[in-house]
Amino acid sequence: MKLMHTKLPDFIKKMYVAASKEYPQKTMKLKGLENLRSAKLQSLRTGRIENAVAELAHREDIEHIEVDVLPRIPETMHTVVVKGQDRNGTTKKVILEVINILHPTEETEFDGCDDIEDRRPPLGLH
């Protein structure tokens, strides 16, 4: 199981290394994972994304790389944990709720670019 997943801090580090390994002057920004405290990501997909970042870093006409992590399905359902704590930080009451979040789709990140290569597999086949 350990070899099948990449821990969140390792994923972030791999993306920055892929962008600057051979070209330290190039900059990169990673967005979409700011709210995650802990996660594991597919190692195979991590490697594919790492290769995509390195591929863009090799291009002479690219100075900055931006990696945006978006939900693939625009409507996601989330559990909301509402905690009540005393002054010592001990949780005294928990209320569970649910909320659907409608996310903007990937088209909002294209910035008018016409050269788009979709390497994603069909839904359910990843």
Side-chain angles (χ1 to χ4, degrees):
M1 188 73 132
K2 182 176 179 153
L3 297 175
M4 295 174 59
H5 296 89
T6 302
K7 293 179 181 176
L8 180 62
D10 295 335
F11 176 85
I12 293 168
K13 181 178 179 181
K14 285 175 182 277
M15 295 307 115
Y16 282 97
V17 168
S20 64
K21 185 176 183 179
E22 294 181 42
Y23 305 93
Q25 74 279 11
K26 299 207 176 183
T27 60
M28 194 193 86
K29 182 176 183 180
L30 179 61
K31 298 183 339 184
L33 301 174
E34 299 85 358
N35 291 335
L36 293 178
R37 288 182 276 169
S38 175
K40 289 187 178 178
L41 297 94
Q42 294 172 289
S43 288
L44 174 62
R45 292 288 161 195
T46 296
R48 290 175 58 95
I49 296 166
E50 191 176 3
N51 287 341
V53 169
E55 180 181 322
L56 292 181
H58 279 81
R59 288 184 50 157
E60 290 182 15
D61 60 335
I62 293 177
E63 295 294 323
H64 178 75
I65 299 165
E66 189 171 293
V67 178
D68 299 320
V69 180
L70 305 169
R72 183 149 186 208
I73 300 173
E75 183 177 353
T76 58
M77 183 174 283
H78 298 261
T79 295
V80 179
V81 180
V82 183
K83 295 181 190 179
Q85 300 172 334
D86 65 15
R87 66 175 57 149
N88 297 323
T90 303
T91 301
K92 295 296 193 178
K93 172 89 177 183
V94 173
I95 300 172
L96 299 177
E97 272 293 350
V98 66
I99 191 168
N100 283 337
I101 300 175
L102 290 128
H103 303 272
T105 58
E106 59 272 4
E107 289 87 4
T108 61
E109 300 295 333
F110 292 169
D111 299 326
C113 179
D114 293 327
D115 187 4
I116 300 166
E117 184 177 339
D118 192 349
R119 297 179 182 179
R120 300 173 299 175
L123 280 173
L125 299 178
H126 60 282

Discussion item. If we ignore hydrogens and angles and just use 3.5 Å, is the side chain of Glu109 paired with the main-chain N or O of Glu107 as donor and acceptor?
Written reply: no
Worksheet item: Is there a donor-acceptor pair closer than 3.5 Å between any side-chain N or O of Asp118 and the backbone N or O of Arg120?
Response: yes
Practice prompt. Among Leu36, Val67, Thr6, Leu30, find the residue that satisfies the side-chain contact (heavy atoms from CB on, under 4.5 Å) test when tested with Ile12.
Written response: Leu30
Fill in: Crowding at CG, Leu102 (>12 non-hydrogen neighbours, <6.0 Å)
yes
Item to complete: Please examine the side chains of Thr46 and Met15, heavy atoms only from C-beta on, and report whether any two atoms are closer than 4.5 Å.
Response: yes
Worksheet entry | Heavy-atom side-chain contact between His103 and Thr76 under 4.5 Å | yes
Worksheet entry | Exam field: side chain Lys26 to backbone Ile65, donor-acceptor pair closer than 3.5 Å | no
Worksheet, complete the sentence: Residues passing the side-chain hydrogen bond (donor to acceptor under 3.5 Å, both in side chains) test with Glu60, sequence neighbours excluded, are none
Worksheet item: Looking only at heavy atoms, what is the nearest atom pair of Asp115 and Arg59, with distance?
Response: OD2-NH1, 4.4 Å
Discussion item. Using a 3.5 Å distance criterion without hydrogens, assess whether the side chain of Asp86 forms a donor-acceptor pair with backbone atoms of Asn88.
Written reply: yes
Worksheet item: Is there side-chain contact between Val81 and Val94, with at least one heavy-atom pair below 4.5 Å?
Response: yes
Fill in: Interatomic distance, Gln25 atom CD to Glu63 atom CD [nearest 0.5 angstrom]
6.5 Å
